[in-house]
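Report on the structure given below.
All values reported here derive from a predicted model rather than from experimental measurement. Chain letters run A, B, ... following the sequence lines, proteins first and then strands; every chain starts at 1.
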Number of protein chains: 2
Amino acid sequence: MAQPKKAASIWDVARLAGVSHQTVSRVVNGSPRVAAATRDKVLEAIAELGYRPNRLARSLAGGAAESVTVLTADTSLYGAEAALRGIERAARSLDWSVQISVLDPAETHSDADIIARLPRAGEPTIIMAHDEPGMRAKQTLLDTQPHAMVAIGSYTAEELAASPWLVGMDDGKAAAEATRYLLALGHDTVHHVAIPTSTGTFGGGRAHRADGWARVLREAGREVPNLVPSGWTIAEAFKAVQPLVADPEVTAILCGNDHLALATLRAAHLAGRSVPGDLSIVGFDNTPFSAFTTPALTTVNQDFESVGRGAFELLRHRVDGSIPRPKPGWPEPELIVRETSGPPQVRP
Amino acid sequence: MAQPKKAASIWDVARLAGVSHQTVSRVVNGSPRVAAATRDKVLEAIAELGYRPNRLARSLAGGAAESVTVLTADTSLYGAEAALRGIERAARSLDWSVQISVLDPAETHSDADIIARLPRAGEPTIIMAHDEPGMRAKQTLLDTQPHAMVAIGSYTAEELAASPWLVGMDDGKAAAEATRYLLALGHDTVHHVAIPTSTGTFGGGRAHRADGWARVLREAGREVPNLVPSGWTIAEAFKAVQPLVADPEVTAILCGNDHLALATLRAAHLAGRSVPGDLSIVGFDNTPFSAFTTPALTTVNQDFESVGRGAFELLRHRVDGSIPRPKPGWPEPELIVRETSGPPQVRP
DNA sequence: CCGCGTGATGTTAGCGATCACTATTTCGCC
DNA sequence: GGCGAAATAGTGATCGCTAACATCACGCGG
């Protein structure tokens with residue numbers, strides 16, 4: 001079936017079927033205003049020529065977009081990767097195409113850079129970027145084409161309810177739950193190794209993992225220890241966490257994600273502290289590897305793939321202006337207790 | 001700067017600058033046949049209107065494609081994710097757009113399904129799919145638009161040299177190196193937990209990890225143990241590897257990737273076998289987490305990101321039909337010895 | 001002083017679809 | 001039997017851009 005020739009267009013089909021190009025268009029788009037006999041003729045011609053509509057032409061002509069652009073900060077983070085997977089799956093099932101564009105925070109992003117990277121007006125976009133250039137991009141998008149964008153992130157239930165273009169889960173709440181769990185185990189306090197935040201400062205928002213952690217400690221009347229900031233890489237976390245694991249007073253650490261938790265686990269091991277005997281470690285995200293570390297990581301499961309799928313659904317409804325449905329739902333974050341957490345050792 | 005209006009077109013710019021739309025096109029595309037004064041006027045108008053060319057219209061009109069479609073089997077595998085990252089980076093630096101489309105092997109793929117998922121004729125495509133539907137898609141692409149496609153995979157140097165559209169590294173060679181290393185350590189033989197192959201059968205090709213492993217054993221005059229097939233997930237590997245780690249005769253295991261190695265590590269631990277004392281484990285890919293497991297994984301580093309970047313470069317040259325350059329190069333796979341490998345215990 | 005090459009620009013025709021009309025049947029119903 | 005609505009099909013404009021060709025002014029050689 002080698003056929004390096006040009007692809008068939010709607011006109012070729014029309015000619016073969018003996019109808020007008022518009023009729024072919026109607027058949028392809030499932031218009032009801034076509035006689036059955038005509039439809040069959042056209043369908044036959046389509047099959048014979050192997051005709052497939054040209055997406056470019058279709059959206060140029062003002063038809064449905066059938067294409068999403070995903071703007072993300074880093075595809076190597078588990079959350080982003082999983083959400084992207086969810087988006088892609090949902091898009092594929094409806095035969096939409098997916099474009100990805102990475103807003104690399106490493107490249108210094110002037111406003112002009114950001115604008116250049118942004119999809120054109122009207123192009124449906126899902127943005128998941130929580131760093132500084134990401135926030136600026138989001139704002140620009142919001143100003144320019146609010147109806148054709150959806151943002152994924154960590155937000156409180158109220159924030160989620162207030163903005164029809166926001167999708168995500170409340171990480172703060174999940175972190176709070178994990179912190180409460182550690183406290184209930186008998187730990188005096190819980191330390192926190194944090195992932196970078198959108199603003200570069202910690203404690204600003206309400207839905208950040210670090211915020212949920214601090215809130216619970218305050219509510220429990222415990223002193224809130226200094227938070228340990230880490231970068232995204234495991235190596236950075238490993239370095240940042242050294243003083244913590246060396247301190248025998250520290251008995252419980254909540255980590256911003258499973259990669260940081262892995263680094264902490266190793267650092268603790270090298271520092272001669274047993275886990276969970278001397279030290280409890282709790283991760284975040286339930287990354288696939290987390291169940292298979294030794295000891296297996298206690299962590300918080302987050303269904304990013306469902307969030308991605310939900311973001312796509314929401315976007316689709318917003319774009320076509322259909323009845324504003326309730327936002328799609330997905331499983332809440334859930335603490336998964338495995339082997340790295342336990343009660344503190346009774347000290348003499 | 002809120003401006004929910006329609007984006008400026010080439011005509012708007014032309015009107016504002018007092019020139020024809022074609023002149024604007026010339027300026028935008030950097031044609032030399034424009035007077036400096038005119039160019040400045042146009043540039044000014046572009047800046048004022050915030051004009052950005054419409055990709056769709058551009059490629060519809062037969063201009064340069066400036067867009068790649070990446071066909072992949074699974075974005076959650078580290079290799080695919082890293083290669084995709086490389087492609088995206090390279091594409092972004094040239095301002096190309098990147099589309100992804102996942103060929104899910106779970107969905108039963110009829111030929112029609114595959115064709116439907118394929119990019120349209122002429123659309124530059126990079127394919128990284130080694131399973132059955134992936135191979136069929138590759139073949140179709142090759143028949144249809146050989147000049148606009150590049151495939152990423154594991155191939156021998158000869159295969160790579162023979163097909164101008166092939167890009168990748170020789171995993172077989174890398175696996176051979178790792179196997180030799182374990183043999184040199186004094187192990188009688190090396191067992192292998194294998195990732196799935198394109199054909200579903202093992203031992204067919206020459207560049208598969210399993211092939212390199214078997215080759216070295218044969219060359220060394222050792223018996224080649226039964227290979228242990230595993231799926232892609234850690235959980236599958238964990239299950240598959242149980243009999244191996246339980247067998248005290250087994251002293252060295254080469255794993256198809258770091259995820260399988262992690263599963264093996266845990267299984268060994270639970271079976272009460274010490275690593276690397278009783279059992280050496282070597283992974284593959286140098287996944288970010290591999291340096292931070294306990295003990296840290298000995299593995300083979302693979303620079304997938306560079307391969308992705310190289311695939312993009314090659315594709316670009318093939319598409320624009322420019323002088324066929326030599327294929328881009330990148331670092332060879334390299335064994336990284338960490339803590340999970342060592343000499344076998346001397347048995348009484 | 002004509003003719004012609006050359007550089008700068010304009011004009012026209014698509015690319016492959018959709019949209020908004022218009023034209024032709026067909027059919028129900030009084 | 002005639003009239004208008006509904007069903008069906010076709011025509012032309014348009015989306016934003018590029019390719020190919022046409023035009024125009026200028027300058028130079030014969």
Exercise. Less than 4.5 Å apart, any side-chain heavy atom of A:Leu141 and any of A:Leu118?
Worked result: yes
Problem set entry | Gap between atoms CG and C1', on A:Leu56 and D:dT18 respectively (whole Å) | 14 Å
For this session: Could you check how far CZ of A:Arg55 sits from C1' of C:dT18, rounded to whole Å?
Result: 16 Å
For this session: Flag the pair B:Ser97 / B:Arg55 as yes when at least one side-chain heavy-atom distance between them is below 4.5 Å, and no otherwise.
Result: yes
Seminar exercise, completed: By nearest-heavy-atom nucleotide on DNA chain C, the more 5' of B:Trp11 and A:Ala64 is B:Trp11
For this session: May I have the distance from A:Arg58 (atom CZ) to C:dC19 (atom C1'), rounded to whole angstrom?
Result: 14 Å
Exercise. So, A:Ser31 side chain and A:Val27 main chain: donor-acceptor pair closer than 3.5 Å or not?
Worked result: no
Problem set entry | Nucleotide of C:dT11, D:dG10, C:dC15 approaching A:Ser20 most closely (side-chain heavy atoms) | D:dG10
Exercise. With sugar-phosphate meaning primed atoms plus P, OP1 and OP2, does B:Thr23 contact a base, only sugar-phosphate, or nothing at under 4.0 Å between heavy atoms?
Worked result: sugar-phosphate
Problem set entry | Whole-Å gap separating C1' (C:dG16) and CD (B:Glu123) | 15 Å
Problem set entry | Closest-nucleotide 5' rank along DNA chain C - winner of B:Ala57 and B:Val19 | B:Val19
Exercise. Can you check whether A:Ile87 reaches A:Arg309 side chain to side chain, under 4.5 Å on heavy atoms?
Worked result: no
Exercise. Taking atom P of C:dA17 as reference, at what distance in whole Å does atom CZ of A:Arg52 sit?
Worked result: 11 Å
Problem set entry | Pairwise side-chain contact, A:Met169 with A:Phe304, heavy-atom cut-off 4.5 Å (strictly under) | yes
Problem set entry | Length of the line joining A:His21:NE2 and D:dT11:P, which is rounded to integer Å | 8 Å
Exercise. Does A:Asp12 reach the main-chain N or O of A:Ser9 with its side chain, forming a donor-acceptor pair under 3.5 Å?
Worked result: yes
Seminar exercise, completed: Rounded to whole Å, the CD-P distance (A:Gln22 to D:dG12) equals 13 Å
Seminar exercise, completed: Numerically ordered, the residues 25-46 of chain B set in heavy-atom contact under 4.0 Å with DNA chain D is B:Ser25, B:Asn29
Exercise. Are B:Ser67 and B:Glu123 close enough that a side-chain donor and a side-chain acceptor fall under 3.5 Å?
Worked result: yes
Exercise. Rounded to the nearest Å, what distance is computed from the CG atom of residue B:Asn54 to the C1' atom of nucleotide C:dG16?
Worked result: 14 Å
